[in-house]
Every structure is written in C-alpha cells, then in structure tokens.
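Every heavy atom of this structure was used, including side-chain atoms; hydrogens, water molecules and symmetry mates were not. A quick note: this is a predicted structure, and the numbers were derived from the prediction, not measured. Chain identifiers are assigned alphabetically (A, B, ...) following the order of the sequence lines, protein sequences preceding nucleic acid strands; residue numbering begins at 1 within each chain.
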Protein chains: 2
Amino acid sequence: MAQTKLSVRQEDMLTFITNFISQNSYPPTIREIGKACHITSTSVVNYNLNKLEEEGYISRMLRVSRGIQLGKNQASALVQIPLVGRIFASEPVSFPEASVSYAPDETINLTQDLVGDGKKMFALEVRGDSMIDAMINEGDYVIMKQQARVNNGDLAAIWLIDSEETTLKYFYLENDKVRLQPANPTMDAIYVDPSTVRIQGKVMLIFRQISARKTVSVIPNN
Amino acid sequence: MAQTKLSVRQEDMLTFITNFISQNSYPPTIREIGKACHITSTSVVNYNLNKLEEEGYISRMLRVSRGIQLGKNQASALVQIPLVGRIFASEPVSFPEASVSYAPDETINLTQDLVGDGKKMFALEVRGDSMIDAMINEGDYVIMKQQARVNNGDLAAIWLIDSEETTLKYFYLENDKVRLQPANPTMDAIYVDPSTVRIQGKVMLIFRQISARKTVSVIPNN
DNA sequence: ATAATATCAGAACAAGTGTTCCGTGTCAAG
DNA sequence: CTTGACACGGAACACTTGTTCTGATATTAT
C-alpha cells in the first residue's frame with residue numbers, strides 16, 4: 001500500500017521468486033530464497049518477505065510451506081483461447097460451436113493483460129495474403145471476440161455482403177455511412193452503406209510467430 | 001505414456017490438484033490431497049501420485065514439498081520479457097543492461113510455447129511507420145532475442161552501417177552477398193555486402209494490441 | 001482354487017520448513 | 001552521547017511434509 005521504494009535485497013528476492021515460480025510453477029521456500037539471494041539467515045528472509053507483503057507485492061499464507069503468492073500476477077492470469085480454424089477473405093468467419101472441447105494442441109495460451117478475460121474469444125490463422133491492407137501476413141494469428149457491434153475505432157471483422165468477402169478494417173460510422181479504414185496508413189478508406197456490412201467480431205490481438213517457420217535453405221554465416 | 005484410464009480416485013485427485021493450484025497458485029501437499037479426497041493414508045496418495053506421473057498427467061519433484069506440476073501446463077509456462085524501450089528506424093537497437101530489474105509495469109508476460117525460454121529476450125515498442133515494409137505498424141511490439149548471428153530465413157534486426165538505420169528483414173546469405181527480403185511480398189529485396197550490415201538480433205514474435213488504442217474521433221453508432 | 005499383482009491403511013522416520021527469540025551493528029534524530 | 005528504529009545473523013523449536021516399511025484387502029490372471 002505504502003508503495004515505498006524496495007531495498008536492493010527485497011528487489012532481488014522478488015525477482016528470484018518471480019523467476020522461480022515461472023520456472024517451477026510452485027513458489028520457493030524461505031531457505032531457497034535465502035540461498036539464491038545470499039542470505040544466511042532464514043529470519044532475515046522472513047523479515048523481508050513480510051516487508052514485501054506489507055507493500056503489496058506478495059501474499060503469504062501463514063504456516064504454509066511455499067505459501068507465497070505474487071500479487072502482481074493476478075493481472076497475468078492465463079486464458080486459453082481455442083484455435084478454431086482459418087480465416088479466408090473469400091468466406092465469412094466460421095465461428096466455433098458453443099461447446100469448447102479441450103484440445104491442447106489447438107489452444108493458444110495468453111495472459112489476461114493482453115486479451116482480457118477471454119470470453120467469447122477464439123483464434124484464427126490467416127490464410128492467403130489478402131489481408132495485407134490490414135498489415136496482416138499469411139500465417140498470422142488473429143484473436144477475435146465474437147460480437148455483432150463494435151465501437152468506432154475498433155478493428156473489426158466485417159462481412160461485405162455485396163462482394164462476398166471478409167475484411168479486417170477499422171470501423172467508423174459517420175453520417176449514416178460506414179467508413180472502413182485499412183490499418184495500412186498508405187491505403188485509402190472505403191465508404192459503404194451500413195446495410196451492406198455485417199459485423200462478425202472485434203479483433204483483440206494479432207501476433208506473428210517467426211521462429212522456425214521459414215526454414216528454407218539454411219546456410220550458417222561466418 | 002501408456003495413457004490408460006484413470007481410476008475414480010486418481011481422477012478425483014487430479015481435479016482437486018488442478019482446482020487447488022488455480023485457487024492458491026501453489027500446489028497442495030500430500031496430506032491436503034488426502035484430506036480432500038478422503039484418503040487417510042499418505043502412502044496411498046503418494047502411490048496414486050506416482051501413477052499419475054507415470055501416465056504423464058503430472059510431474060513430481062523428489063523430496064520437494066508441494067513439488068507437483070501439472071503436465072499440461074508445462075507448455076504454457078510463463079516467461080517475463082522486459083519492455084526495454086522503443087525501436088526507431090534511425091537508431092540502432094538499444095539493448096538492455098545485463099541486470100534484469102523488476103519493473104512490473106514494463107514487463108510483458110507470454111507463454112513458453114510462443115517464444116521459448118525467454119533467455120536474452122526483450123520487447124521493443126515500434127515507433128514510426130518506417131517498418132511498414134516488414135508489415136509492422138506503429139505501436140506494435142517486437143519480441144527480440146539478442147544475438148549476433150542468425151540463420152538464413154530468420155527475421156533479423158539489422159543495422160545498416162552506410163545508411164545508418166535499423167531495419168527488420170528476412171536474412172539470407174547468398175554467394176557472399178546478403179539478401180534482405182522484406183516481409184511484405186509486394187516489395188523487392190535488397191542486396192548488400194556482408195561488411196555493411198550488423199546483425200543485432202532475431203525477431204521471435206510480433207504482436208499488435210488493438211483494444212482502446214486508436215481512440216480517435218469516436219462517434220457511437222446506433 | 002491358487003498365485004500374482006494392484007490398491008490400500010497405518011505407522012514411523014528423517015528431512016524440510018515456518019516461526020520465534022536473542023543479540024549485534026548501523027544510522028539518523030533528539 | 002544517547003536513544004530508538006531498522007536491518008541483519010545465528011540458533012533453536014515445533015510443526016510440516018515426503019518417504020519408506022509392514023501388512024492387509026481387493027482384483028485379476030493362470
């Protein structure tokens with residue numbers, strides 16, 4: 001609460017605890033903390049742990065081994081988002097069924113500070129290069145939230161009824177006309193009638209994984 | 001491995017362990033499991049825990065209190081990547097210092113299945129629209145791994161000595177010439193001499209957060 | 001039926017673990 | 001200088017906790 005400055009020792013302990021939990025998925029003991037932070041006495045570790053708890057950085061469970069919880073990590077709780085398919089420009093977005101089957105290989109894990117609570121959300125893999133005007137490559141993943149309305153300025157998945165295609169553009173309703181603004185600033189917006197578009201969802205996050213995807217002609221350099 | 005069917009008791013234990021961890025963020029002890037699952041003997045809990053480990057549902061740390069890890073969660077272990085600054089086209093990438101200080105507001109949490117172990121990695125926020133040829137917007141986040149060498153086909157941060165600018169391009173070494181391929185397929189590659197480039201790191205992940213960023217001229221719709 | 005295996009219960013042990021007490025040194029305020 | 005708050009180190013204590021041993025009961029195979 002007081003949010004005063006942490007001592008170097010306390011900061012050292014906090015980073016160790018954080019790393020330890022992320023590596024082992026269970027918290028360290030007092031003696032493990034002391035050994036890692038070069039503190040010989042368990043009472044000193046206990047003393048500084050109480051300081052950290054007073055400042056709100058951690059929570060402690062009395063008399064419980066490894067009973068340390070990171071206060072800040074509540075914001076980084078995991079959400080599991082199902083990967084339900086692919087998105088083509090030539091098709092409407094295929095929404096998943098209500099039942100969320102548990103398929104670990106087709107699940108994308110993200111933290112809540114990036115995408116929120118993950119309700120009604122799903123992931124799509126982008127196929128084709130028709131999303132270039134939205135600055136989206138083939139192979140990118142789009143995290144979407146299914147909803148029929150979006151606010152002005154949201155990046156939305158929109159089904160264009162006339163031309164029968166799905167596009168991702170920033171949505172603006174202006175004077176009874178819908179302005180669809182490409183994410184690429186070098187491209188122009190298009191104006192359409194609201195009755196010719198159907199909002200399918202709102203894009204929450206886009207990410208692109210680089211590693212080991214373009215494994216072509218690998219020649220190590222000097 | 002064998003993936004046989006779990007007994008009711010083992011299934012009961014597994015659900016309790018899962019719920020306990022999600023509630024307390026640390027695993028339960030053997031006796032806590034026994035009490036919750038109506039098992040009076042610690043040896044029986046220990047016996048079934050070994051069964052669960054043989055089937056791959058959990059991992060156990062020998063002689064460690066609360067040393068239980070959920071097998072499924074190993075792929076979604078968290079890595080904390082420090083957000084160390086911004087990346088301009090007109091400057092070399094500013095690398096962080098060796099010491100990783102604990103600054104909670106400037107940390108990006110991702111899962112290991114997306115970015116790997118997170119060693120020597122850091123996050124940069126993209127400023128300016130000069131990365132458009134890499135299909136990267138202003139405001140995007142780039143997760144980079146600091147390394148002086150990359151393999152052919154890696155997306156690399158490259159400092160061009162002559163023109164004094166940083167660029168993100170796919171790297172290919174071909175016949176003593178370096179081919180720098182833009183991510184945007186509509187743009188052409190450039191060929192430069194290896195002595196005129198300096199590899200600063202490899203791009204592991206790019207992501208773009210949409211929510212509440214472009215709050216410009218918001219006019220609510222019907 | 002008989003043997004073999006799997007599952008279980010109780011108890012005991014050694015090590016792990018949080019807590020507490022006492023003493024020391026530092027440093028700024030009085 | 002004295003005082004008090006603060007941080008630290010060492011030690012001891014009591015409880016926790018994983019492990020192991022012995023034996024009993026249930027299930028399955030031969």
Side chains of B/M144 and B/K202: does their closest heavy-atom pair fall under 4.5 Å? no
Would you say B/Y170 and A/I210 make side-chain contact, with heavy atoms under 4.5 Å? yes
Could you tell me which residues satisfy side-chain hydrogen bond (donor to acceptor under 3.5 Å, both in side chains) with A/N24, sequence neighbours excluded, listed by chain and number? none
Side chain to side chain contact (heavy atoms under 4.5 Å, CB included) partner of A/V150, the single match among A/I158, A/V203, A/I199: A/I199
Is there a side-chain contact between A/R9 and the phosphate of D/dC8, meaning an N or O under 4.0 Å from OP1 or OP2? yes
Could you tell me whether the phosphate oxygens of D/dC8, OP1 or OP2, come under 4.0 Å of any side-chain nitrogen or oxygen in A/N48? yes
When the nearest nucleotide of DNA chain C is assigned to B/T40 and to A/R66 on a heavy-atom basis, which residue is associated with the more 5' position? B/T40
Pairs where residues 22-34 of chain A contributes a residue and the test salt bridge (Lys or Arg N to Asp or Glu O under 4.0 Å) is met, not counting sequence neighbours: A/E32-A/R66
Distance below 4.0 Å between A/K51 side-chain N/O and D/dC6 OP1 or OP2: no
side-chain hydrogen bond (donor to acceptor under 3.5 Å, both in side chains) test vs B/D140 passes for just one of B/Q209, B/R127, B/R208, namely B/R208
Tell me every residue that passes side-chain hydrogen bond (donor to acceptor under 3.5 Å, both in side chains) with A/T42, counting only those two or more places apart in sequence or in another chain. none
Check the distance between D/dG10's P and A/K35's NZ and give it to me in whole angstrom. 16 Å
A/N48 and A/R9: side chain donor to acceptor below 3.5 Å: no
Any chance you could list the contact pattern along nucleotides 20-28 of chain D? Use B for base contacts, S for sugar-phosphate-only contacts and - for none, protein heavy atoms under 4.0 Å, 5' to 3'. BB-------
Do B/E55 side-chain atoms and B/Y57 backbone N/O form a donor-acceptor pair below 3.5 Å? no
First of B/V64 and B/Y47 reached from the 5' end of DNA chain C, by closest nucleotide: B/Y47
Nucleic acid contacts - residues 23-33 of chain B versus DNA chain D, non-hydrogen atoms under 4.0 Å: B/T29, B/I30, B/R31
Counting the benzene-type ring for Trp, do B/F207 and B/Y141 have ring centres under 6.0 Å apart? yes
With a 4.5 Å cut-off on side-chain heavy atoms, are B/I206 and B/I143 touching? no
Please identify the 5'-most and 3'-most nucleotides of DNA chain C with any atom under 4.0 angstrom from a heavy atom of chain B. C/dA6 to C/dT17
